Amino acid sequence: MGNPTEKVGQALITHWIGGEPEAGGSGRSSPVYNPATGQVSGQVALGGKTEVDAAVRAATAAFPAWADTPPIRRARVMFRFLQLLNAHRDELARAITQEHGKVFTDAQGEVTRGIEIVEFACGIPQLLKSDFTDQVSTGIDNWTLRQPLGVVAGVTPFNFPAMVPLWMFPLAIAAGNCFILKPSPIDPSASLLLADLLKQAGLPDGVFNVVQGDKEAVDAILEHPGIKAVSFVGSTPIANYIYETGARHGKRVQALGGAKNHMVVMPDADLDQAADALIGAGYGSAGERCMAISVAVLVGDVGDRLVPVLAERAKALKIRNGMDLEAEMGPIVHAGALERITGYIEQGVKEGAKLVVDGREFDPSNTGEGCENGFWLGGTLFDHVSPDMRIYKEEIFGPVLSCVRVGNFAEAVELINAHQYANGVSLFTRDGGIAREFGRRIEVGMVGVNVPIPVPMAWHGFGGWKASLFGDTHAYGEEGVRFYTRQKSIMQRWPDSIAKGAEFAMPTAK
């Protein structure tokens with residue numbers, strides 16, 4: 001059926017099952033758009049129970065040999081995959097920009113952050129080392145193993161079509177599992193590029209599979225008895241559904257949900273740095289990031305000084321086709337998302353927030369040749385937003401920055417801790433004491449001090465608190481290794497050390 005890297009932008013974007021592209025038999029498909037032009041660039045096959053079952057069969061057949069492969073040999077496959085990713089990073093970035101819309105340099109950064117997880121996964125021989133206790137009791141030794149689960153799956157979102165899958169499958173595969181990826185149907189081509197690079201790296205057929213699809217495919221994954229664990233990143237309502245449904249079917253589930261990330265600006269902060277941070281973190285990737293800053297918490301008189309600067313910067317954003325290397329922001333990912341975001345802007349006005357910059361007034365005539373009908377929206381800025389407003393309470397997932405004014409640091413902490421979401425948060429200050437107190441008191445999973453988007457590096461792990469995470473483990477890092485493995489404890493002794501006679505009391509160390 002040909003090399004899947006040739007399918008980007010062509011008619012059909014397929015599944016990948018058993019080491020080969022597979023069209024599937026559902027007969028269903030969905031259009032894939034170039035958000036910059038608004039034009040259909042291809043069709044993605046939509047799978048269901050049949051395709052998921054075929055992927056599980058392929059993965060199940062591949063699992064015994066792959067699980068028995070020494071970790072150092074699995075690591076060597078990851079090293080070859082790492083080399084190929086580095087060689088093809090721009091190809092991946094172009095596919096992302098053409099289907100997601102984010103600017104090319106941002107797509108390059110996404111691929112790079114995913115590559116860092118692969119680098120971490122290359123250390124799997126060390127990561128799987130176990131504990132051993134000699135003579136835990138007379139003549140008895142005790143040690144632990146971490147063994148793979150079997151066939152596991154990942155359901156990933158549109159906003160990071162390469163990075164989020166790379167949060168999951170490199171560690172799962174390196175640990176000895178076989179993996180089924182269900183990417184977003186909005187920008188599915190990156191998944192096939194990754195699959196082809198894994199095959200080139202020498203990964204055995206069936207160890208990595210891709211089932212394209214929508215809710216039908218997701219439900220088939222959640223219900224299939226052959227899948228032992230599911231990882232998910234997306235909105236909170238869907239994360240909750242994934243968690244509850246997967247757990248009900250006996251699966252281990254790790255479901256990362258939505259966010260409403262705040263950035264507190266203290267009166268002593270460097271306001272130029274704070275403005276740079278808010279513009280980049282609020283409008284980068286058109287705000288379609290679970291770690292985007294969507295609320296600026298302005299303490300004391302900071303609002304009077306900072307809001308005019310933010311307004312000028314928001315109006316001056318270079319919003320263009322993402323392949324333009326001067327672009328700072330690209331289009332919204334699809335027409336439905338654009339409609340949802342503009343609806344929130346209208347709601348904010350109705351609720352009484354001050355609309356300082358209205359992104360709906362953006363003129364798309366200078367976005368690039370053939371881009372007049374793309375899914376365009378300018379950066380939007382609200383001031384005097386209050387906690388009772390929907391634009392404050394709900395995740396907008398677009399280039400909308402809301403400014404909330406508070407009197408002091410304690411009010412800022414109280415405001416943030418009261419929110420249902422607790423994914424990421426940032427504080428800009430020069431005061432070390434305030435920074436330390438913030439880090440200890442704030443009830444949020446990822447915290448930045450003078451860092452606007454505190455996404456942890458590959459060896460630390462990603463995850464929020466409260467309604468931003470369902471499950472007990474964070475993504476990637478050492479917690480990712482624990483999620484994709486299970487611990488086995490082994491105790492042994494040999495006949496010469498075993499006393500004669502039955503023992504009826506609870507065994508204890510002797």
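Only a predicted model underlies this, so the values are computations on that prediction, with no experimental measurement involved.
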What's the spacing between [X] [atom1] and [Y] [atom2] if we round to 0.5 Å?
X	Y	atom1	atom2	value
M263	S294	CE	OG	12.0 Å
H15	S26	NE2	OG	5.5 Å
H100	D106	NE2	CG	8.0 Å
K251	I242	NZ	CD1	11.0 Å
L469	Y243	CG	OH	9.0 Å
I173	R74	CD1	CZ	10.5 Å

[X] side chain to [Y] main-chain N or O, any donor-acceptor pair under 3.5 Å?
X	Y	answer
K182	Q212	no
R252	A247	no
N423	C290	yes
T138	K510	yes
E51	G25	yes
Y421	G257	no
T60	V56	yes
R80	A201	yes
N209	G18	yes
H334	G336	yes

Using 30° and 60° as the class limits, which term best fits the ring planes of W167 and F462: parallel, tilted or perpendicular?
->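 Tilted.
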Between F81 and F169, what is the ring plane arrangement, given parallel below 30°, perpendicular above 60°, and tilted in between?
->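 It falls in the tilted class, 30° to 60°.
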Just so I know, are the side chains of [X] and [Y] near enough to count as touching, which here means a heavy-atom distance under 4.5 Å?
X	Y	answer
L192	P21	no
L194	L85	yes
L256	S468	no
N450	L427	no
I396	I341	yes
N261	V425	no
M329	P399	yes

Check the pair E110 / K102 against salt bridge (Lys or Arg N to Asp or Glu O under 4.0 Å), numbers first and verdict last.
-> CA-CA 10 Å; E110 170 185 343; K102 67 176 63 178; 2.7 Å; yes
Side chains of [X] and [Y]: is there a donor and an acceptor less than 3.5 Å apart?
X	Y	answer
S285	N159	no
E395	T236	no
Y241	D219	yes
R482	T473	no
T14	E22	no
D90	Q108	yes
Q487	T144	no

Would you confirm whether the ring centroid of H262 sits within less than 6.0 angstrom of the ring centroid of H419?
->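 Centroid distance H419-H262: below 6.0 Å, so yes.
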Centroid-to-centroid, W459 to F120, below 6.0 Å?
->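 Ring centroids of W459 and F120 are no less than 6.0 Å from each other.
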Residues R28, D214: salt bridge by 4.0 Å N-O rule |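 Counted as a salt bridge, because a side-chain N and a carboxylate O are separated by less than 4.0 Å.
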Hey, are R113 and E116 close enough for a salt bridge, meaning a charged N less than 4.0 Å from a carboxylate O?
->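 Looking at R113 and E116, the cut-off is met.
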Just wondering, more than 12 heavy atoms not from K49 lying within 6.0 Å of its NZ?
->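 No.
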Verdict with reasoning, D205 to K199, per salt bridge (Lys or Arg N to Asp or Glu O under 4.0 Å) | CA-CA 7 Å; D205 292 345; K199 187 177 179 71; 2.9 Å; yes
